[in-house]
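Accompanying notes for the structure given below.
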Amino acid sequence: MRALRRAACGRLRPRTGFYGWKRSLRSMTKEITSMSQTSVKRTDSKTISNNQALKNVAKFRKSAAKNNMEVATEIFQELKNSQICGVDHWNTYINLFGNNKKIHYMQPIYREMLSHGIKPNARSFEIMMHHYFKGNQPRAVLRVLEEMLKHNIKPQYNICAYALKAHAKEKNVVGVMRMFQTILDFKFRP
């Protein structure tokens with residue numbers, strides 16, 4: 001484990017020329033293989049191995065890409081309690097519900113993600129805004145933008161464009177002007 005930490009910090013140096021590097025790489029390889037043999041603890045007192053969790057990730061992404069809700073949801077329920085599950089997996093899960101026109105489930109999934117201690121990124125908010133905009137819910141788009149700003153995430157151009165269009169659908173001229181000014185302030189090209 002020490003060799004992995006040194007490698008992560010960039011402090012992995014050869015002890016004696018080429019063979020020192022070789023020894024260091026061997027010890028890192030042994031530690032990685034021993035880590036993959038260990039098990040990941042879950043909150044419901046069941047354990048699954050890292051290899052099984054990685055297989056579940058692959059199955060989850062494949063079923064989500066095919067918009068297979070039942071299989072993806074079943075796999076994600078097992079996956080979300082593992083240490084491997086990160087913000088990208090939650091984003092894929094939120095996007096799955098948006099793609100299947102079940103946008104009313106996206107906000108509860110987002111809140112569950114927060115309760116698991118996963119911090120959202122800009123992609124999380126972009127996914128929700130995109131599907132709320134497609135679902136003709138401009139107020140939800142603006143709520144997501146407010147939530148994004150609470151998390152101190154700088155909106156990208158496409159997010160500002162969704163908010164601008166949402167204000168336009170609401171016929172809110174002041175909001176449109178404010179979002180257009182925000183786009184100019186962030187030096188995005190309209």
Check your understanding: From Met148 CE over to Met129 CE, what is the distance, rounded to the nearest 0.5 angstrom?
Key -> 7.5 Å
Exercise for review: Please confirm whether Trp90 and Phe76 have ring centers closer than 6.0 angstrom.
Suggested key: yes
Exercise for review: Test side-chain contact (heavy atoms from CB on, under 4.5 Å) on Met69 and Lys102 and set out the steps.
Suggested key: CA-CA 11 Å; Met69 280 286 284; Lys102 296 185 178 185; 3.9 Å; yes
Point to revise | Centroid-centroid distance, Tyr132 to Tyr162, less than 6.0 Å | key: no
Practice item. Determine, using the 4.5 Å side-chain heavy-atom cutoff (strictly less than), whether Ile109 and Leu96 are members of one ILVMFWY cluster. Key: yes
Review point. With hydrophobic residues grouped by side-chain heavy-atom distances under 4.5 Å, do Ile118 and Ile84 end up in a single group?
Key: yes
Review point. Could you walk me through whether Asn121 and Asn91 pass the side-chain contact (heavy atoms from CB on, under 4.5 Å) check?
Key: CA-CA 9 Å; Asn121 57 12; Asn91 289 346; 3.1 Å; yes
Review point. Does one hydrophobic cluster hold both Met177 and Tyr157, with members joined at side-chain heavy-atom distances below 4.5 Å?
Key: no
Exercise for review: Would you give the length of the straight line joining atom CG of Leu114 to atom NZ of Lys119, rounded to the nearest 0.5 angstrom?
Suggested key: 10.5 Å
Check your understanding: To the nearest 0.5 Å, what is the distance between CD1 (Ile103) and CD1 (Ile127)?
Key -> 14.0 Å
Point to revise | Modelled atom types, side-chain donor and acceptor of His151 and Glu147, under 3.5 Å | key: yes
Point to revise | Pair Gln77, Tyr93: side-chain N/O donor-acceptor within cut-off below 3.5 Å | key: yes
Review point. How many angstroms lie between atom OG1 of Thr73 and atom NZ of Lys80, to the nearest 0.5 angstrom?
Key: 10.0 Å
Check your understanding: If two hydrophobic side chains count as joined below 4.5 Å and joins carry through other members, does Val87 share a cluster with Met106?
Key -> yes
Exercise for review: Mind checking the OG-OH spacing from Ser115 to Tyr110? Nearest 0.5 Å is all I need.
Suggested key: 11.5 Å
**Study point:** Salt-bridge criterion met for Arg123 and Glu126 (N-O under 4.0 Å)
**Key:** yes
Point to revise | Side-chain (His167) to main-chain (Leu164) donor-acceptor, under 3.5 angstrom | key: no
**Study point:** Distance in Å, Glu74 CD paired with Lys59 NZ, rounded so as to fall on 0.5 Å steps
**Key:** 9.5 Å
Review point. Just by distance, with hydrogens left out, do His130 and Asn95 show a side-chain donor and acceptor under 3.5 Å apart?
Key: no
Check your understanding: Do you reckon Tyr105 sits in the same ILVMFWY cluster as Leu79, going by side-chain contacts under 4.5 Å, direct or chained?
Key -> yes
Check your understanding: Are Lys169 and Phe133 in a cation-pi contact, defined as NZ or CZ under 6.0 Å from the six-membered ring centre and within 45° of the axis?
Key -> yes
**Study point:** Closest non-hydrogen atom pair between Ala163 and Leu145, with its separation
**Key:** CB-CD2, 3.7 Å
